Amino acid sequence: MMPQYLLALPSFVGALISLGLAGYTLKAPVVQGRPYVVLCGLATAIWCLGQFLWLMHDAPEWRLAVAKFQYVGISSLPALWFLAGAMFSGRSRLLHSPWLQAVCVIPAITVLLALSNEWHGLIWAQWLDPTSTIAQIEYGPWFVVHLFYSYTLLTLGSIMMLMHLASSPHYRLPFFAILAASLIVVLANLTYLSGTQLFPMDITPSALAIAFPAIAWVATRHRLLQLVPVARSKTLEQLQDGLLVASGNPRRVVDANPAVIRLLDLQTENGVAELIGQPLEELIPAEAMSIAVNDQDDIETKSARILEVRRFAVSTSQGTQEGDILLLRDVTKAREAETRLLQTQARLAEANRKLETLAATDELTGLDNRRLTARLNEEIARCRRSGAALTVVLADLDNFKQINDSRGHAVGDSVLVTCGRALRELMRQEDLAARFGGEEFALVFMDSDQDRARQAAWRLQQKLSEIQHIDKNANNETFQVTWSMGLASLEHDTDDIESILKRADDALYHAKERGRNSIHYHSNGNVIPLETSTEAGSVR
């Protein structure tokens with residue numbers, strides 16, 4: 001006869017493996033149904049450890065105590081297996097009251113009855129031979145309830161797991177591993193309960209010692225404790241994007257999901273099944289056939305729906321392309337939104353351009369206004385670097401207030417418009433003319449020293465004073481307006497916009513104080529009139 005410690009060895013190994021699986025699950029970062037998996041491992045460990053202790057000592061009192069201890073694991077394992085299956089398969093409603101209480105009530109009663117069995121005999125009615133390696137027991141009535149209930153929970157828990165694993169073709173090995181492990185344990189337990197003396201002991205814990213390593217290995221390899229398998233077919237059916245798989249030459253559809261029918265406006269009576277085998281080019285617009293592999297493009301359907309089509313290759317293990325995968329996504333609303341956005345951006349850009357023009361241009365005369373300061377600062381900095389000359393002229397219409405008072409503001413505005421147009425026509429393109437105030441204008445002569453600027457200012461004054469303005473309020477009476485001007489040139493490196501404008505303004509002030517219709521210039525700290533003299537003659 002085999003020594004008892006050898007008979008007990010499988011049970012001891014089963015206890016260690018069960019504890020190891022429980023510990024691994026407890027430390028794993030993400031586990032589906034962690035509490036129930038850990039408790040399943042502990043319950044199995046108690047069952048196996050009880051068998052080990054039973055075989056290591058044959059005293060009747062000892063074995064009765066061990067049997068009571070063992071029933072903590074035996075009665076709770078089926079309930080825990082059922083709850084683990086519920087959690088793993090996504091049936092979380094079974095894990096809340098009152099379901100949880102209903103599942104656990106029978107195992108709780110069984111444990112209490114086992115611990116108090118000598119008072120009622122509902123679990124073990126009679127121990128026939130407590131010293132045998134395989135227990136000779138006459139079971140009580142509650143044992144039948146416990147047995148039926150336990151097998152029901154074990155079966156339901158296994159079915160939930162197996163159905164969930166069967167929903168994905170990638171989990172075939174875990175499916176068969178759990179199925180085989182469950183059958184091994186059930187057959188071993190039925191052999192013991194039927195009284196068939198095929199083995200010298202209860203081999204149920206030994207079967208657990210075989211089943212649990214298999215389940216643990218498969219669970220670890222396939223990350224079953226971290227990942228819940230999802231049915232591939234259900235996933236594809238619920239996708240809002242279309243999926244077309246085609247192979248052969250010419251390409252024919254070998255797989256598709258229902259979204260394809262909706263996106264391509266197809267008319268079918270049998271759904272996706274009707275698409276299988278059809279030429280791909282008959283289902284999708286021609287431009288989709290020209291999309292390169294690993295590329296994407298937009299196509300338009302007959303119903304004016306815009307689809308984004310992505311194309312991927314289906315290749316053999318040798319790298320030969322044998323088919324195509326087309327992903328179809330409805331981007332009609334997105335493209336319409338993009339078009340509206342681009343149109344809005346274009347309108348905003350045009351509006352901003354107009355606003356910038358209005359902000360930088362005098363609305364009445366069409367001359368620059370706000371850009372004068374920035375432009376003058378830039379030109380002064382350029383002249384400092386290059387040594388070029390620059391002259392600023394401040395020009396003012398004489399007695400303009402009298403024109404407004406006597407002829408009306410409309411006539412005054414007409415004078416300003418006419419003078420602004422004349423300045424744009426008479427000045428060089430590289431020079432700058434800006435409206436500086438009500439009837440005052442600023443002229444900047446680029447690369448012009450004071451001599452050249454005086455000549456240019458004198459010619460401008462003559463041309464502007466010759467303009468015949470029309471008073472429509474006085475029977476189209478014509479009249480002329482004279483100009484006063486003040487010049488200041490860039491003189492030294494310390495000059496800035498404030499100083500040159502101040503000198504030009506001082507010169508203009510002298511021109512107006514000395515009777516108007518004259519030109520004065522600022523030179524070396526002095527304001528000098530440009531008048532009928534040898535100098536004036538040279539200017540002319």
Side-chain angles (χ1 to χ4, degrees), residues 365 367-369 371-398 419-437 439-467 481-540:
T365 63
L367 299 176
D368 286 337
N369 53 9
R371 288 194 303 176
L372 172 66
T373 302
R375 178 73 183 277
L376 192 52
N377 272 324
E378 291 175 1
E379 292 301 327
I380 290 174
R382 180 183 66 83
C383 292
R384 286 175 179 171
R385 293 192 301 270
S386 63
L390 180 142
T391 300
V392 175
V393 177
L394 293 183
D396 192 88
L397 284 86
D398 294 331
C419 292
R421 182 169 59 249
L423 284 172
R424 289 197 303 273
E425 294 173 355
L426 294 173
M427 292 188 66
R428 297 179 305 175
Q429 186 175 359
E430 62 267 27
D431 295 335
L432 175 66
R435 188 178 179 188
F436 201 56
E439 69 273 16
E440 190 173 351
F441 297 83
L443 313 176
V444 181
F445 296 108
M446 311 297 179
D447 300 315
S448 296
D449 57 17
Q450 197 170 89
D451 289 339
R452 294 181 60 185
R454 290 200 302 267
Q455 296 175 23
W458 183 82
R459 286 193 295 268
L460 278 175
Q461 186 195 42
Q462 299 303 307
K463 295 289 184 183
L464 293 172
S465 299
E466 293 172 358
I467 296 175
V481 180
T482 59
W483 289 73
S484 298
M485 297 183 180
L487 284 73
S489 297
L490 195 65
E491 294 182 348
H492 43 72
D493 291 342
T494 59
D495 255 350
D496 55 21
I497 186 171
E498 288 81 9
S499 61
I500 193 171
L501 286 174
K502 184 179 184 307
R503 294 202 306 273
D505 188 60
D506 288 344
L508 175 62
Y509 175 78
H510 280 78
K512 297 181 77 66
E513 285 293 311
R514 302 291 174 87
R516 298 184 177 84
N517 192 24
S518 64
I519 300 174
H520 283 60
Y521 61 91
H522 212 289
S523 177
N524 297 322
N526 299 313
V527 177
I528 304 172
L530 183 66
E531 54 189 359
T532 305
S533 63
T534 304
E535 181 183 19
S538 66
V539 171
R540 294 182 178 86

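For reference, positions follow the sequence shown, starting with 1. These figures come from a predicted structure and were not determined experimentally.
Under the 6.0 Å distance and 45° angle rule, Arg454 counts as a cation-pi partner of Tyr521.
Heavy-atom minimum distance, Leu397 versus Cys419: CD2-SG, 4.0 Å. Heavy atoms only, all atoms of each residue included: Cys383 and Leu390 are closest at SG-CB, 3.8 Å. Scanning all heavy atoms of the two residues, the minimum distance from Ala488 to Ala504 falls at CB-N, 3.4 Å. Closest approach of Ser448 to Arg428, counting heavy atoms only: OG-NH2, 3.3 Å. The two atoms that bring Ala507 and Gly486 nearest to each other are CB-CA, 3.6 Å, heavy atoms only. The shortest non-hydrogen separation linking Asp447 to Ala388 is OD1-CB, 3.3 Å.
When side chains are defined from C-beta on, Glu513 counts as touching Tyr509, because their heavy atoms get closer than 4.5 Å. Within the 4.5 Å cutoff, the side chain of Phe445 has heavy atoms near those of the Met427 side chain. You'll find the side chain of Leu508 stays beyond 4.5 Å of the side chain of His520, heavy atoms only. In this structure the side chain of Thr391 never reaches within 4.5 angstrom of the side chain of Asp449, judged on heavy atoms.
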Between Leu376 and Leu501, does a side-chain contact (heavy atoms from CB on, under 4.5 Å) hold up when you go through it step by step?
CA-CA 10 Å; Leu376 192 52; Leu501 286 174; 4.2 Å; yes

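With hydrogens and angles disregarded, a donor-acceptor distance shorter than 3.5 Å links the side chain of Gln450 to the backbone of His522. Distance alone, capped at 3.5 Å, places no donor-acceptor pair between the Ser489 side chain and the Glu491 backbone. Judged by distance alone, the side chain of Gln461 and the main-chain N or O of Trp483 form a donor-acceptor pair under 3.5 Å. Judged by distance alone, with hydrogens and angles left aside, the side-chain atoms of Asn526 form no donor-acceptor pair with the main-chain N or O of Ile528 at under 3.5 Å.
In this structure, Asp398 pairs ionically with Lys512, as a charged nitrogen and a carboxylate oxygen lie closer than 4.0 Å. Using a cutoff of 4.0 Å between basic side-chain nitrogens and carboxylate oxygens, Glu379 and Arg375 are scored as salt-bridged.
At most 12 heavy atoms of other shown residues, nucleotides or ligands fall within 6.0 angstrom of atom CD in Gln429.
Applying the side-chain hydrogen bond (donor to acceptor under 3.5 Å, both in side chains) criterion to Lys502, with sequence neighbours excluded, gives Asp506.
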